[in-house]
Trainee: 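Right, I'll just put the structure down here and ask away after.
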Amino acid sequence: MAYNFNEIEQKWQRIWKENKTYHVTEDDSKEKYYVLNMFPYPSGAGLHVGHPLGYIASDIFARFKRLNGYNVLNPMGYDAYGLPAEQYAIQTGQHPAITTEQNINRYREQLDKIGFCFDWDREIRTCDANYYHWTQWTFIQMFNSYYDNDKKCSRPISELIEKLSNEGSKNINAACTKEIDVTAEEWNSLSEVAKQELLMNWRIAFLNETMVNWCPELGTVLANDEVVDGVSERGGFPVIQKKMKQWCLRVSAYAQRLLDGLDRIDWTDSLKETQRNWIGRSEGAEMQFRIKDSDIEFTIFTTRADTIFGVTFMVLAPESELVARLTTTEQKNAVEEYLDRTKKRTERERMIDRNVTGVFTGSYAINPITGEEIPVWVSDYVLSGYGTGAIMAVPAHDSRDYAFAKHFGIEIRPLIEGCDVSEESFDAKEGIMTNSPVAKFADCKLNLNGLTVKDAIAKTKSYISENKLGRVKVNFRLRDAIFSRQRYWGEPFPIYYKDGVPYPIPEECLPLQLPEVEKFLPTETGEPPLGHAKMWAWDEQNKCIVSKDTVDNKSIFPLELNTMPGFAGSSAYYLRYMDPKNDKALVSTEADNYWQNVDLYVGGTEHATGHLIYSRFWNMFLHDIGVSVKEEPFQKLVNQGMIQGRSNFVYRIKDTNTFVSLNLSKNYDVTPLHVDVNIVSNDILDIDAFRAWRPEYANAEFILENDKYICGWAVEKMSKSMFNVVNPDTIVEKYGADTLRLYEMFLGPVEQSKPWDTNGIDGCHRFLRKLWGMFFDKNDNYILTDEEPTKEELKSLHKLIKKTTEDIPAFSYNTTVSAFMICLNELTALKCNKKSIFEQVVVTLSPFAPHICEELWEIMGHNTTICDAEWPLFNEEYLKEDTIKYTISFNGKARFNLEFAADATNAEIESTVLADENSQKYIDGKPIKKVIIVPKKIVNVVI
RNA sequence: GCGCGUGUGGCGAAAUUGGUAGACGCGCCAGACUUAGGAUCUGGUGUUUUGCGACGUGUAGGUUCGAGUCCUAUCACGCGCACCA
């Protein structure tokens, strides 16, 4: 009987679907295990072979855990809101909901063919109103919360309001946009509008006028992680800086917790490091500098408080409001001209052009320690968004300050003994302090001379806090997330505006459904696309959506026109899978308590500073308000590598229609041309298919080697234009899903990026065919017997069980596949036909190749699915050797082998080796210094 | 510039705490069965040497009885952050 994979795979996929084999429910009698893949954005191009890599890896893990008795949640869904569908809608008028639906159906069809054990009853789509109900709900909770720095968690804004009205802001230690000082009397006398405006300063979800990354081509703002090298991540359009009023999420309040949490989760070091980088914690000090002949004081941030004696100038960011106040009349023109010039430069231009620019304000600051007068400059190398937007410049020990000082001829004063600053600054935080202070300030109270840099920093910090010159401060690079998008295809904000002040719509009125619009473009007045929606106003009294035309009625107000960004829907979807149909809560307490958090999360590393930060923040917030039981959403994370394309080339002799095979091509003047990889097999071109591929090749001539046309190849990104896209469907059709699954795992470590290369796929397919063949004789008769297996057969089996049991949890799938091949080779050599052996082989193989294993399981007479089998335990007894071969080496060289009984003692081995004739030859009368016996491996005689 | 990671046959890759480097697969070579084979099966396959052997994990050192693995330096490639004070 031939291995008819197409028939077998369709049969079992149908049975799994009909019987809901992979449907899970909460079950207290079993331990839970939650496996999750980053859900895909359903693009129009469909899946290519790279996409399923992570899904297969986690599917294997899910099946393995299930066989080990766990109740496994392995859901799948779609990140359905996104720019491509909307761009397509703008071009074609096709509603994004329709395109998205079509793409999802295509994805589903492709996914189904690979045989995943997803529980499709739990499918979610971020664009479903039942789903975004809870995205909107969470947003309202964020709007109604503030971050208490003392309790280190989010609290209801009502608590803050109570404090403000009772004691004012003096005892409030909360994350805020800027420090606000208000007494209880002042607060209580404020109007409702003024109070609401002030509260924005503390809310977790808040409106703020900020500099944003504006992408004119896309007509929307983008988050920092959506901008790469100054252009948009999607589309590659230029991005400029623009000031706009936007919804923001106070992610920065959670910076320390996001950092600390990394120590408690099982992610790769490199990914944690990337996040630490992005969060960018730096410990330092804030210091106040007074301006000479003025009562103006300003604050700078530095991590090098020890270099205070080397400050020879100060720099303000061009955007700093201090610039105007510090500019003297003489310098006014020069400064304004400079500000004009920098404003015109985009972020990208500033990044490319790093020429030193700057202008003197005319003011002098006073060094708080020495009293020295220091000129204050303006330069765009200082960023307004980090620290205080002002720095003390120490050219001797900071390369940027150094470049500035050299350019403008400012003094460079070295502070480290023996450092040479004639060519470049000495940035390292090491060495012994000198010139701190220089002789002319020798009578000042602080003296750092002779201290190490580390001690000097500590001493300066305590000096400035004791003398109230500043304070110790921790700064983060992590910024608040900008949460508004001027787009149609996203979650609407559940917000309406009364007197220009935003209010959330009542929770019982959620979801606020995305309205229909005539056009997906901005309106003539520059409003976002939702400005076109007619039914888009809120009736406060009747609690319902009404037409915009009725806004002048006293209880009817305009609704927010922005929509939420892509990461809104993907930030808590793992919670929703636990209880996807719940219409009373995001997730029920029971489901949340049972499933807790994701045990294993699999996805690409490209989300390191986007989704994986946002969802950790989002989950921490939900944890604070009692919705999510765990603080960290993803306990273990595995990054699957990217699968690159492997392009093939043909070589056309210039000005002809003749193509020459790879190894002969160097003899001709040729042009390499991409050729569709689907008409190339093992780098051999299918000539007929090539002639049929394009009309201009119909009459192509070929110069062959060994009667074959060999193509060249290169590793490139998988894309349509390189003709190297391999569709999983074509592989499934040709080899079957089981072969595809096995081969993707066999290709190399899951975490590693690698080119897709079908050259080895036959090996995996051959393995499955061989396994199938073991069950039948030449006449297709089933030949397995119930006889007792031999010792060798059991040994081979248990080696396999041991290897798979240990390697699957370690994600070492490529070696696991090898282990199956080794085991099968051994069983073939032993001519094994024992049912009890193959039963267990098939169970261990079933996570990798579920369809064939189900079929063989059935053929062996089982009437339950193999998913309900039990993972076999290995027995060390079978693995024990009677005798062990030792390699005898002399000074680590010249070896031969001796066999000993497995239970021989070291003393026995030693005496036997020393008495051995062969050994005598090597020892040759030389004195023996020692004999080293490595258990089960080696005896090394040191002479 | 700073941080992280990776370098092993013709190719994808294995290698427990330092313990016979190259498992397994591809490819290649030879043989068997075949009218035929891009089918199947068997054997071989790091380099060098007729052979014994010698040499081999980017390069150069070091520690060790013994190093792909540990240490130092260096080169190459990949990734992340990047006027973050």
Trainee: Using a cut-off of strictly less than 4.0 Å, decide whether A:Y381 has a side-chain nitrogen or oxygen near OP1 or OP2 of B:rA85.
Mentor: no

Trainee: Count the heavy atoms belonging to other residues, nucleotides or ligands that lie under 6.0 Å from CG of A:D427, then report whether that count exceeds 12.
Mentor: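 Counting other residues, nucleotides and ligands, CG of A:D427 exceeds 12 neighbours.
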
Trainee: I want to verify a distance call: between B:rC24, B:rA85, B:rG80, whose nearest atom is closest to the A:F746 side chain?
Mentor: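 Among B:rC24, B:rA85, B:rG80, the one nearest the side chain of A:F746 is B:rC24.
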
Trainee: How would you list, by chain and number, every residue that makes a ring pair (Phe, Tyr, Trp, His ring centres under 6.0 Å) with A:Y735, sequence neighbours excluded?
Mentor: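 Expected list: A:H765.
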
Trainee: Strictly below 4.0 Å, heavy-atom distances to any atom of RNA chain B: list the hits from residues 816-827 of chain A, or just say none.
Mentor: A:S818, A:M821, A:I822, A:N825

Trainee: The side chain of A:N277 lies closest to which of these nucleotides: B:rC65, B:rA85, B:rC81?
Mentor: B:rC81

Trainee: Give a yes/no on whether any side-chain N or O of A:R477 is located under 4.0 angstrom from OP1 or OP2 of B:rA82.
Mentor: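 So the side-chain polar atoms of A:R477 do come within 4.0 Å of the phosphate oxygens OP1 or OP2 of B:rA82, strictly under.
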
Trainee: Any chance you could list the contact pattern along nucleotides 36-43 of chain B? Use B for base contacts, S for sugar-phosphate-only contacts and - for none, protein heavy atoms under 4.0 Å, 5' to 3'.
Mentor: --BSSS--

Trainee: Using the P atom on both, measure B:rG80 against B:rA30 and round to a whole Å.
Mentor: 47 Å

Trainee: For B:rG58 versus B:rG66, give the span between their C1' atoms, rounded off to a whole number of Å.
Mentor: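 Looking at atom C1' only, B:rG58 and B:rG66 are 23 Å apart.
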
Trainee: Given the P atoms of B:rA14 and B:rG22, what is the spacing between them in whole Å?
Mentor: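 Going atom to atom, P in each nucleotide, I get 15 Å.
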
Trainee: Is a side-chain donor or acceptor of A:K473 paired with a backbone partner of A:A285 at a separation under 3.5 angstrom?
Mentor: no

Trainee: For RNA chain B, please output the secondary structure as dot-bracket, reading 5' to 3'. Pairs are Watson-Crick or G-U wobble, both atom distances under 3.5 Å; mark crossing pairs with [ ], other-strand partners with |, unpaired with a dot.
Mentor: (((((((..(((......[....)))((((((.......))))))(((....)))..(((((..]....))))))))))))....

Trainee: Distance check, C1' atoms only: B:rG10 and B:rC75, in whole angstrom units.
Mentor: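 One C1' to the other, the span is 25 Å.
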
Trainee: Identify, with sequence neighbours excluded, every residue that meets side chain to side chain donor-acceptor pair (under 3.5 Å) alongside A:T805.
Mentor: A:W871

Trainee: Say you pick atom P in B:rU69 and the same atom in B:rC24; how far apart are they, in whole Å?
Mentor: 24 Å

Trainee: Phosphate oxygens OP1/OP2 of B:rG3: is one of them under 4.0 Å from a side-chain N or O of A:T274?
Mentor: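 Checking A:T274 against B:rG3: no side-chain N or O falls below 4.0 Å of OP1 or OP2.
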
Trainee: Strictly under 3.5 Å: I want the nitrogen or oxygen pairs between protein and nucleotides 14-19 of chain B, one per line.
Mentor:
{"residue": "B:rA14", "atom": "OP1", "partner": "A:N814", "partner atom": "ND2", "Å": "3.1"}

Trainee: What interatomic distance, in whole Å, is found between P of B:rU40 and the corresponding atom of B:rU57?
Mentor: 37 Å

